[in-house]
Protein chains: 2
Amino acid sequence: MALDEGATISERIRLGLGRLTPTGRKVAHILLANYPVAGLETVSELACRAQVSAPTVLRFVSRLGFASYPDFQRALRSELELQVQSPLVKARFSLESATPTEQLLNRFHQSLADNLAKTFRSVPSAEFDAVVDIFSDRRRKVLTIGGRFSDALALHLSLHLRIIRSGVSHIAGQSANWRDHLLDLGERDCLAVFDIRRYTPDLAEFAAIAASHRVGIVLFTDQWLSPIAQKASHILAAHVPVPSRWDSMVALLALVEAIVASTTERLWSTAEGRLATLETMRHVPRVG
Amino acid sequence: MALDEGATISERIRLGLGRLTPTGRKVAHILLANYPVAGLETVSELACRAQVSAPTVLRFVSRLGFASYPDFQRALRSELELQVQSPLVKARFSLESATPTEQLLNRFHQSLADNLAKTFRSVPSAEFDAVVDIFSDRRRKVLTIGGRFSDALALHLSLHLRIIRSGVSHIAGQSANWRDHLLDLGERDCLAVFDIRRYTPDLAEFAAIAASHRVGIVLFTDQWLSPIAQKASHILAAHVPVPSRWDSMVALLALVEAIVASTTERLWSTAEGRLATLETMRHVPRVG
DNA sequence: CAAGTTCTGTAATAAACAGTACGCTTGGCG
DNA sequence: CGCCAAGCGTACTGTTTATTACAGAACTTG
């Protein structure tokens, strides 16, 4: 790893520019001009771009404080990963005039917008369609279940689906009782599982059992993919990191809402009637 | 170079998803979820991330039409190079080339990003701080409750708060039983209410009763404000419209997460111990 | 239920790569 | 003018990395 942490690599290059040898400076300029791509190429490719020899490039990264060239590349990649693939939202409005709270809100918003962008960019539309297909198929029963926190999303999904179609349930309560629900499920049916990190072992076990009964598994998870991914027939992954002690479920909720919106549209001809019926029932005093 | 030009690599992956083998799909999902960084790592690193073997990764890139893995990486880099240098022109793939689903996802994402921005811009930081103050005050009990759909958020809030502090409960079940909870609440205590449109009459009634007992009401609502706003001591409003039959709770969840993040930070010195205790308890077999 | 096909991981192989030693060149200074 | 030192590139070496061959597992199909 790099000796001198804190600054981004491009900053470190700019700062070190004075201390470099003439050829080293050539490398630095090429790197800054084509940042960060040039640094992700091989040593010889970069050397060729900068019209210097390979050892010069190595001496350069060494002087920047990296133990090796692969080490340098790793740093570059992890920076790229954070720095976002959405360069449009730079919006440097964390100025000194802002109060600490405003800054916090800004940072938080930034991360969320970022997660949203990455999530929507990476979700395969074929996968999305497939899931909507399943949820729109009234012949397939749908069971939803979630982990400790993500269960709220599972509930959210089932609440909406249940309104527009029949055969939807949410599995709550003790994990020992979960598998009872599987009795009702056949090969054509579907289990929607929500599992984000600190993945729930009970859930994985349950999903495995479901999979062994040939129940289709739709997995909503985070960008690192729950272990359940191995059993899942369809996967929708959302980005969850935010500047917080907890992970964010905003992008995952966004996916659920998009799925629900699309499914509702698909089933609208029949869902409309159900909603109307529901409306009239609302005025009847509730039982209990 | 790649045989089949024209599309971006991520698009090509999405399109090819159906034609892939099960393990190949794992690789594809990891790649899309961490695009494009994951593809710039070595074969074995990527294989490890996707929990498959190295040859599987190679077969994957081969099936995508690349002659070799370095070739694939070169393509990825050159795409990255273009993308970074023209930050404005991307994400604009709501063109005629996009499939209906892609357009839907795009529109949906656009609305959500919009809601998020409006919400964070409009939330007064003083109000935000005040709510964090209340939730951080261990002497005040906190009760959460929500409407038909928004109750999932109320639950979400209580689940997190309950971990970092004591005296937090969520009100569920029949509305007739709700007011029982008020018995435990005094003047200094707090009721967190979630209510978005098609506002729930029962909730308004309940909030009114609570207010008459001088319980402080923190209201999470939509941009048009639930009628409960009149009784509320603090209001946090989020924007909810999306191109869907339902309203979106994404921005509201975002606010909740921001509140939770901030409260957690505030109480961290004691919350840390609670979390550790919880962790040790997790390994004890559950009752029932 | 069995034969065949497809898929996948293990292990061995080949290629590309980063790293290094050495000697030449250049610029500064006595 | 000549010595010294710093900088650079060439050529080589050791490692890492991609690749390929093969054998076992899983799933299909008749």
Side-chain angles (χ1 to χ4, degrees), chain A residues 1-3 9 16-31 36-77 187 208 211-217 225 227 229-233, chain B residues 1-3 9 16-31 36-77:
Chain A
M1 265 299 152
L3 302 173
I9 296 173
L17 252 179
R19 276 177 259 287
L20 290 172
T21 65
T23 49
R25 230 161 289 175
K26 278 204 231 175
V27 181
H29 280 117
I30 287 290
L31 208 41
V37 191
L40 296 170
E41 297 171 355
T42 68
V43 171
S44 53
E45 279 172 323
L46 175 53
C48 180
R49 272 220 221 202
Q51 305 212 35
V52 298
S53 69
T56 299
V57 172
L58 294 179
R59 283 189 274 263
F60 165 77
V61 299
S62 162
R63 193 167 293 198
L64 278 172
F66 295 96
S68 69
Y69 191 73
D71 183 21
F72 167 68
Q73 291 192 316
R74 245 185 297 278
L76 226 42
R77 279 198 302 259
E187 291 206 7
S212 72
H213 285 63
R214 308 200 156 269
V215 170
I217 294 183
L225 306 191
Q230 303 190 1
K231 309 284 182 183
S233 19
Chain B
M1 266 300 154
L3 302 172
I9 297 173
L17 248 180
R19 276 177 257 287
L20 290 172
T21 66
T23 48
R25 228 160 292 176
K26 279 200 226 173
V27 180
H29 276 114
I30 286 289
L31 209 42
V37 191
L40 296 170
E41 297 171 354
T42 67
V43 170
S44 53
E45 280 172 320
L46 177 54
C48 180
R49 271 220 220 201
Q51 306 209 40
V52 299
S53 69
T56 299
V57 172
L58 294 180
R59 283 189 274 262
F60 166 77
V61 299
S62 161
R63 193 169 292 199
L64 246 56
F66 295 96
S68 70
Y69 190 74
D71 182 21
F72 166 68
Q73 291 191 315
R74 247 185 296 278
L76 226 41
R77 280 197 302 259

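Just so you know, these numbers use all the heavy atoms, side chains as well, and skip hydrogens, waters and symmetry mates. Sequence lines set the chain letters: A, B, ... in the order given, protein chains first and strands last, and positions in each chain run from 1. The structure displayed is predicted, hence computed values, not measured ones.
Across C:dT8, D:dG9, D:dG7, the shortest atom-to-atom separation from the side chain of A:Thr21 is found for D:dG7.
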Side-chain donor-acceptor pairs under 3.5 Å in residues 50-66 of chain B, sequence neighbours left out?
unit_1, atom_1, unit_2, atom_2, d
B:Ser53, OG, B:Thr56, OG1, 3.2
B:Arg63, NH1, B:Arg19, O, 3.3

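The two residues A:Ala208 and A:Lys231 make their nearest non-hydrogen contact at CB-CE, 4.1 Å. Heavy-atom minimum distance, B:Leu17 versus B:Ala28: CD2-CB, 4.0 Å.
Neither OP1 nor OP2 of D:dG7 sits under 4.0 Å from any side-chain N or O of A:Thr56. Contact check, A:Thr23 against D:dC8: a side-chain N or O comes under 4.0 Å of OP1 or OP2.
Following rounding to the nearest Å, B:Lys26 (NZ) and C:dG9 (C1') show an atom-to-atom distance of 11 Å. In this entry the distance linking CD of A:Gln230 with C1' of C:dT8 reads 13 Å, nearest Å.
With salt bridges taken as basic N to acidic carboxylate O contacts below 4.0 Å, none links B:Arg74 and A:Glu41.
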Inset, instruction - Let me have a per-nucleotide readout for nucleotides 16-21 of chain D, 5' to 3', with B, S or -, counting only protein heavy atoms under 4.0 Å. - result: -SSBB-
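Atoms OG1 and CD, on B:Thr42 and B:Gln73 in that order, are 8.0 Å from each other to the nearest 0.5 Å. Taken to the nearest 0.5 Å, the NZ atom of A:Lys26 stands 15.0 Å off from the CG atom of A:Leu31.
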